[in-house]
Amino acid sequence: MARNMNNTFVVLFIAIATLFNGSAAQTSHVVGDSTGWTIPSGGAATYTTWASNKTFTLGDTLVFNFANAQHDVAKVSKSDFDACNGGSAIFTITTSPAIVTLNETGEQYYICAFTGHCSAGQKLAIKVTQKASTNSPSLAPHLSPSASPSPKTSPSASPSPRTSPVAAPAPQHRGAISPAPAPFTAPAPAPFTAPVTYTVGDTIGWTIPTGGASVYVTWASNKNFKVGDILVFNYQINTHNVEEVTKEKYDSCSSVSPIAAYNSAPPVRVTLNKSGPHYFICGYTGHCSAGQKLAINVTGTTTTVATTPSSAVTPSGSTTPSSPSPSGEGGASSPPQNSGAASLGSLGLFAMLFSVAAALY
């Protein structure tokens, strides 16, 4: 009986070690963390810095969170990475979240194949290494004959009639096993919304529109602007500027004493920090009256599970960055959390199996 109990313990120990080792074997890396996969405001250095303190091993996964139809993920060669060429990609994933399993060692390169995105910094280079060998706890003490409880005694010291040799625990003691703890489960990610970045006029940018003021009226008509969102004005330097004005000065195209004036090199990024109507014009003579003016209405606030930085410019006019918690707007599915080496569920199961094994032993 004692030997059977010991064998049971050994089997359970092996199962626990295998389970724990397997659960710790893979890591899921959320690219850019809370920034997500977008055009970073800090340029290509953003993703270089992000990757610099990570260890990527075979079997790990990369999770790219982005707004569908506004970004993609293309795995490319080193030469195409340097040239920002997505035309001959090894593979391309267009739906978020894009999950890439690292199945080969060495340098690997990823870019966004949308025009201009890679050259603006939306590119990632990583190095994948072999998994570090993990030695399971030694089972020798449990497999050694000398470690197994033996019912036999030394031939030179026969047990007296009143003493009995070492024996396995009596079956009735099994009823004293404490209830195993229930396994833990990780909480489901909460839904969220995040600030959205809008490129004013989309591809035409901020200029004197050929269709007059109705061009920007039409552009804004299908947008839902919220506090925290960002407007990006793209224009030719020394040819245009951006001025936020009152309703009266918007109607009269007056640039005298604007609320704010932006004359720096484009792109100009304006964060919508309060609700209500906002009015923008170009302060260059004649531009506003020719239609270079924008009126929008800002409602509510964006809500995030945790801090969410602004996204960058996209050709379609808006992007939704990822949140640290699984995630986003713009058609992107809720992003998964950045998991560590072992889940809480695995640890709970480990604890349950270990307590049962210890009790049986």
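No experiment lies behind these values; they were computed from the predicted model shown. The residues of the chain are indexed from 1 along the displayed sequence.
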Are Lys293 and Cys253 close enough, and set up right, to give a side-chain contact (heavy atoms from CB on, under 4.5 Å), and what steps lead you there?
-> CA-CA 8 Å; Lys293 56 196 299 187; Cys253 284; 3.9 Å; yes
For residues 34-98, the disulfide (SG to SG under 2.5 Å) pairs (sequence neighbours left out) are Cys84-Cys118
Output every pair passing disulfide (SG to SG under 2.5 Å) with a member in residues 36-66, not counting sequence neighbours, ordered by first then second residue.
->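 Disulfide (SG to SG under 2.5 Å) check on residues 36-66 returns no pairs.
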Which atoms form the tightest heavy-atom contact between [X] and [Y], and what is the distance?
X: Asn85; Y: Gly87; answer: OD1-N, 3.0 Å
X: Gly201; Y: Tyr216; answer: CA-CE2, 4.0 Å
X: Ser221; Y: Thr218; answer: OG-O, 2.6 Å

Do [X] and [Y] have side chains that approach each other closer than 4.5 Å (heavy atoms only, starting at C-beta)?
X: Asn234; Y: Val200; value: no
X: Val100; Y: Ile93; value: yes
X: Leu102; Y: Gln108; value: yes
X: Asp80; Y: Lys78; value: no
X: Val31; Y: Asn65; value: no
X: Asp60; Y: Ser28; value: no
X: Thr207; Y: His240; value: yes
X: Trp37; Y: Asp72; value: no

Please determine if Glu104 and Lys75 form a salt bridge, counting it only when a charged side-chain N lies under 4.0 Å from a carboxylate O.
->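 Between Lys75 and Glu104 there is a salt bridge, with a charged N closer than 4.0 Å to a carboxylate O.
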Calculate, to the nearest 0.5 Å, the distance between atoms [atom1] and [atom2] belonging to [X] and [Y] respectively.
X: Ile39; Y: Gln122; atom1: CD1; atom2: CD; value: 6.0 Å
X: Leu58; Y: Thr101; atom1: CG; atom2: OG1; value: 11.0 Å
X: Lys127; Y: Thr57; atom1: NZ; atom2: OG1; value: 13.5 Å
X: Ile204; Y: Thr210; atom1: CD1; atom2: OG1; value: 7.0 Å
X: His29; Y: Ile99; atom1: NE2; atom2: CD1; value: 13.0 Å
X: Cys282; Y: Glu243; atom1: SG; atom2: CD; value: 7.5 Å

Which of these, Leu272, Val298, Thr299, sits in a side-chain contact (heavy atoms from CB on, under 4.5 Å) with Val227?
->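 By the side-chain contact (heavy atoms from CB on, under 4.5 Å) criterion, Val227 pairs with just one of Leu272, Val298, Thr299: Val298.
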According to a 4.5 Å side-chain heavy-atom criterion applied to Ile, Leu, Val, Met, Phe, Trp and Tyr, with indirect links allowed, do [X] and [Y] form part of one hydrophobic cluster?
X: Phe64; Y: Val76; answer: no
X: Ile111; Y: Ile126; answer: no
X: Ile281; Y: Ile237; answer: no
X: Ile90; Y: Val73; answer: yes

For the pair Asn238 and Gln236, evaluate side chain to side chain donor-acceptor pair (under 3.5 Å) and give the outcome as yes or no after the intermediate values.
-> CA-CA 7 Å; Asn238 298 325; Gln236 186 175 353; over 6 Å; no
Ser254/Val245 under side-chain contact (heavy atoms from CB on, under 4.5 Å): CA gap, chis, key distance, verdict = CA-CA 8 Å; Ser254 171; Val245 297; over 6 Å; no
Taking [Y]'s backbone N and O only, do any of them form a donor-acceptor pair with [X]'s side chain (distance below 3.5 Å, no angle check)?
X: Thr38; Y: Thr35; value: no
X: Tyr235; Y: Val242; value: no
X: Asp229; Y: Val196; value: yes
X: Thr129; Y: Phe56; value: yes

Check side-chain contact (heavy atoms from CB on, under 4.5 Å) between Ala125 and all other residues, then give those that pass, not counting sequence neighbours.
-> Phe81, Tyr109
Evaluate the criterion side-chain contact (heavy atoms from CB on, under 4.5 Å) for residue pair Ile296 and Leu231; output intermediate values, then yes/no.
-> CA-CA 11 Å; Ile296 64 172; Leu231 298 181; 3.8 Å; yes
Phe280 ring center near Trp206 ring center (under 6.0 Å) |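 Phe280 vs Trp206: aromatic centres not under 6.0 Å.
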Assert yes or no for the condition that the ring centre distance of Tyr262 to Phe233 is strictly below 6.0 Å.
-> no
When clusters are formed from ILVMFWY side-chain contacts under 4.5 Å, directly or step by step, what else is grouped with Val217?
-> none
Given side-chain contact (heavy atoms from CB on, under 4.5 Å), test Tyr250 with Leu294 step by step and report yes or no.
-> CA-CA 9 Å; Tyr250 173 85; Leu294 170 68; 5.6 Å; no
Salt bridge (Lys or Arg N to Asp or Glu O under 4.0 Å) involving Lys247 - partner list, sequence neighbours excluded | Asp251
Evaluate the ring planes of Trp219 and Phe225, with Trp represented by its six-membered ring, and classify them as parallel (under 30°), tilted (30 to 60°) or perpendicular (over 60°).
-> tilted
Does anything in residues 274-284 pair up under side chain to side chain donor-acceptor pair (under 3.5 Å), and if so which pairs, sequence neighbours excluded?
->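 Qualifying pairs: Glu244-His278.
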